[in-house]
Amino acid sequence: MNTYLAVDFGGGSGRVMAGSICQGTLKLEEVYRFPNRQVQMGNHVYWDFLALFDEMKNGLRQAVRKGYRIRSIGIDTWGVDFGLIDGNGNLLGNPVCYRDPRTDGLPEEFFGGNLVRHYSEAGIQVMSINTLFQLYSMKKSGDVQLEVADRLLFMPDLFSYFLTGVANNEYCIASTSELLDARSRTWNQSLIHRLGVPEHLFGDIVMPGTVRGKLKREIAEEIGLTDEVDVIAVGSHDTASAVYAIPSTQVDKSRCAFLSSGTWSLLGVELDEPILTEEACRAGFTNEGGVGGKIRFLQNITGLWILQRLMAQWKERGERCGYDFLLSAAESADIPSVIDVDDKIFQNPVDMEEAIAEYCEAHGQPIPETYGEVVRCVLQSLALRYKQGIDQLNRLLSAPIEQLNIIGGGCRNSLLNRLTAEALGIPVYAGPVEATAIGNILVQAIVKGEIGSREDIKEFI
């Protein structure tokens, strides 16, 4: 049976998923999972690309050993981060993590107060983590990498390049950079010129469903493959793949919002064309690329990152912090405190629990004291933030949102789902959990001609 491999890199872990299709049923299996971590070295926070690439090969090797008939490979990752390669194809340095403080304050310095005109072209929520400001930081500091680099490759582009030797930029991931023109879906050359970095860094933009190249012979031999295998550009921003996996419903697509729930919460709708108005800009919406030429009109919201940091912190202290235990404690907790999950205090504090306490004290709210109260505070704050986002969407769209689909790992959080449904007052559907891998694999299967569209899949196992 034909098998498609989805390599999915998240902020905390990566995995290789195998998918095969039989009579309208997509069967998924996790082949290999591995950790991903940020490494502080010197003045910066890096991703360990070399380790991640090696782990990806380990996962591919495991798939070969399991006897899968591998037709193709697709790669998706988080957005905005990148690596630079020189003219000989050498990686010039480990990619810097978007949580590195090097970009703090740079949006205000670069644009001043004139964001609306920029938004009317780029259509992207101005955030200091975006590629634009990472490059601006490198330019300001005189980083020599910019002088010798031949190509800028976003994370999925970078993994694909070292698998195939072909350098290009996939549209969905490139759209997170703030360096594209939202209407033409090509590089914003005037902005790149203003930024002052070499124009040759930005290569050909390929759309999801493009074969990027063949797996290099030496890598195929290393992992035990004898057949030629295509590496396919999928919706290589993980949210683009996840949104593509949402099943069709009775509700009109334009009235069905999605919430990709994980470290980040991405809340929005799929549209045919971007919304580039001043109101959309002020509300913090972004127009990112989607599969099939769609626009993902969404807000980037701090998601389960706060809870993830709390759990890691409690675990380091040797305290009881199992997920089920915490949700049970939060279910019975009663505390009215609400935090602004997008406040900078929660971006990367040394002590997340202390940051929550400081915020509540500064805003005259009761300070959560127990595990249950802390987690309840976080989850009800997220639910109310989702309501704010839906209310803002309703003011921008021609018809109100009638349904919300929560996808990704966070859709397992039943308490958060319930609190969200109560806050919104509309039907909320959870799943699929493995939306990112499913969307990744569906694009590959369409390219290979095994299915015609997303609607050909009736069941997931």
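Below, each value reflects all heavy atoms present in this structure, side chains not excepted, and no hydrogens, waters or symmetry copies.
Without hydrogens or angle criteria, Glu434 side chain to Ala437 main chain gives no donor-acceptor distance under 3.5 Å. Proximity of a side-chain donor or acceptor of Ser260 to a complementary backbone N or O of Ile407 within less than 3.5 Å is not detected. Between the side chain of Asn440 and the main chain of Thr436, no donor-acceptor pair closer than 3.5 Å is present. For Asn36 (side chain) and Gly12 (main-chain N/O), no donor-acceptor pair under 3.5 Å exists by modelled atom type. Checking side-chain atoms of Thr210 against main-chain N and O of Val206 turns up no donor-acceptor pair under 3.5 Å. The closest donor-acceptor contact from the side chain of Arg99 to the backbone of Gln347 lies under 3.5 Å. Side-chain N or O atoms of Arg185 include one that pairs as donor or acceptor with a backbone N or O of Gly293 at under 3.5 Å. Although no hydrogens or angles enter the test, the distance criterion places no donor-acceptor pair under 3.5 Å between the side chain of Ser137 and the main chain of Thr103. A donor-acceptor contact shorter than 3.5 Å links the side chain of Arg296 to the backbone of Gly289. Checking side-chain atoms of Asp157 against main-chain N and O of Phe154 turns up a donor-acceptor pair under 3.5 Å.
Side-chain atoms of Glu170 and Ser236 form a donor-acceptor pair, as typed in the model, at a separation below 3.5 Å. Side chains of Asn130 and Ser128: a donor-acceptor N/O pair is absent below 3.5 angstrom, by distance only. Side chains of Thr176 and Glu288: no donor on one and acceptor on the other come within 3.5 Å. One side chain, Asn2 or Arg69, offers a donor N or O that lies under 3.5 Å from an acceptor on the other. With no hydrogens or angles considered, a side-chain donor-acceptor pair links Arg33 and Ser13 at under 3.5 Å. Between the side chains of Arg212 and Asn168, at least one donor N or O sits under 3.5 Å from an acceptor N or O. Side-chain contact check for Asn188 and Asp181: no donor-acceptor pair (N or O, by modelled atom type) lies under 3.5 Å. Side-chain polar atoms of Tyr4 and Glu450 form a donor-acceptor pair below 3.5 angstrom. For the residue pair Ser265 and Tyr386, a side-chain donor N or O sits within less than 3.5 Å of a side-chain acceptor on the partner. For the residue pair Gln392 and Glu279, no side-chain donor N or O sits within less than 3.5 Å of a side-chain acceptor on the partner. Counting only N and O atoms by type, the side chains of Asn58 and Glu55 include a donor and acceptor under 3.5 Å apart. Judged by distance alone, the side chains of Gln308 and Thr263 do bring a donor and an acceptor atom under 3.5 Å apart. Gln134 and Asp81 share a donor-acceptor pair across their side chains, judged by distance under 3.5 Å alone.
Using a 4.5 Å cut-off on side-chain heavy atoms (C-beta onward), Leu179 and Phe202 make contact. For the pair Lys214 and Val231, the minimum side-chain heavy-atom distance is 4.5 Å or more. A 4.5 Å side-chain heavy-atom check between Trp187 and Ile192 finds at least one atom pair inside the cut-off. The side-chain heavy atoms of Leu191 and Leu195, taken from C-beta on, include no pair separated by under 4.5 Å. Looking at heavy atoms from C-beta onward, Asn300 lies out of side-chain contact with Leu267 at the 4.5 angstrom threshold. Counting only heavy atoms from C-beta outward, the side chains of Ile73 and Ile232 never approach each other to under 4.5 Å. The shortest side-chain heavy-atom distance between Leu163 and Ile219 falls under the 4.5 Å cut-off. Counting heavy atoms from C-beta outward, Leu304 and Ser261 have side chains that approach closer than 4.5 Å.
The distance from the CG atom of Leu379 to the OG1 atom of Thr420 is 8.5 Å, given to the nearest 0.5 Å. Distance check, rounded to the nearest 0.5 Å: CZ of Arg255 to CG of Asn394 gives 10.5 Å. Interatomic distance, CZ of Phe111 versus NE2 of His118, reported as 3.5 Å (0.5 Å rounding). With rounding to the nearest 0.5 Å, the separation of CG in Leu135 from CG in Leu106 is 11.0 Å. Between the CG atom of Asp100 and the CD1 atom of Ile129 there is a distance of 12.0 Å, given to the nearest 0.5 Å. Note: Leu158 CG to Thr77 OG1 = 9.5 Å, rounded to the nearest 0.5 Å.
Atom NZ of Lys387 has 12 or fewer neighbouring heavy atoms from other residues, nucleotides or ligands inside a 6.0 Å radius. At most 12 heavy atoms of other shown residues, nucleotides or ligands fall within 6.0 angstrom of atom CZ in Arg412. Residue-environment remark: CD (Glu228) stays at or below the threshold of 12 foreign heavy atoms within 6.0 Å.
Classified by interplanar angle (parallel below 30°, tilted 30° to 60°, perpendicular above 60°), the ring pair Trp47/Tyr98 is tilted. Classification of the Phe49-Phe162 ring pair by plane angle, with boundaries at 30° and 60°, yields tilted. Relative ring orientation between Phe110 and Tyr136 is described as perpendicular, the plane-to-plane angle rising above 60° on a 0-90° scale split at 30° and 60°.
For an aromatic pair to be called close, the ring centres must be under 6.0 Å apart, and Phe34 with Phe9 satisfies this.
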Inset, instruction - Could you go through the side chain to side chain contact (heavy atoms under 4.5 Å, CB included) check for Ile451 and Ile457 one step at a time? - result: CA-CA 8 Å; Ile451 58 174; Ile457 302 298; 4.3 Å; yes

Inset, instruction - Go through the steps for Lys57 and Glu222 under the test salt bridge (charged side-chain N to carboxylate O under 4.0 Å, His left out), then give the verdict. - result: CA-CA 9 Å; Lys57 288 193 296 182; Glu222 184 181 350; 3.0 Å; yes

Inset, instruction - Might you work through the salt bridge (charged side-chain N to carboxylate O under 4.0 Å, His left out) test for Arg217 and Glu221, ending with a clear yes or no? - result: CA-CA 6 Å; Arg217 180 177 297 176; Glu221 291 175 352; 5.1 Å; no

Inset, instruction - May I have the step-by-step check of salt bridge (charged side-chain N to carboxylate O under 4.0 Å, His left out) for Asp86 and Arg151, ending in yes or no? - result: CA-CA 7 Å; Asp86 66 16; Arg151 285 285 186 272; over 6 Å; no

Legend entry - Residue pair Glu270, Lys294: steps toward the salt bridge (charged side-chain N to carboxylate O under 4.0 Å, His left out) verdict: CA-CA 6 Å; Glu270 274 195 305; Lys294 295 290 187 179; over 6 Å; no

Inset, instruction - Take Asp48 and Gln38 through the test side chain to side chain contact (heavy atoms under 4.5 Å, CB included) and record every step on the way to the result. - result: CA-CA 7 Å; Asp48 190 349; Gln38 302 152 28; over 6 Å; no

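Scanning both residues, Tyr119 and Asn287, for their nearest heavy atoms gives OH-ND2, 3.3 Å. The shortest non-hydrogen separation linking Phe297 to Ala280 is CZ-CB, 3.9 Å. The two residues Leu28 and Met17 come nearest to each other via the heavy atoms CB-CE, 4.4 Å.
With respect to Ile246, the side-chain contact (heavy atoms from CB on, under 4.5 Å) criterion is satisfied by exactly one of Ile406, Ile438, Asn405: Asn405. Partner of Leu215 under the side-chain contact (heavy atoms from CB on, under 4.5 Å) criterion, out of Asp230, Ile70, Asp227, Ile223: Ile223 alone.
The pair Asp342-Arg385 meets the salt-bridge criterion, since a charged nitrogen lies less than 4.0 angstrom from a carboxylate oxygen.
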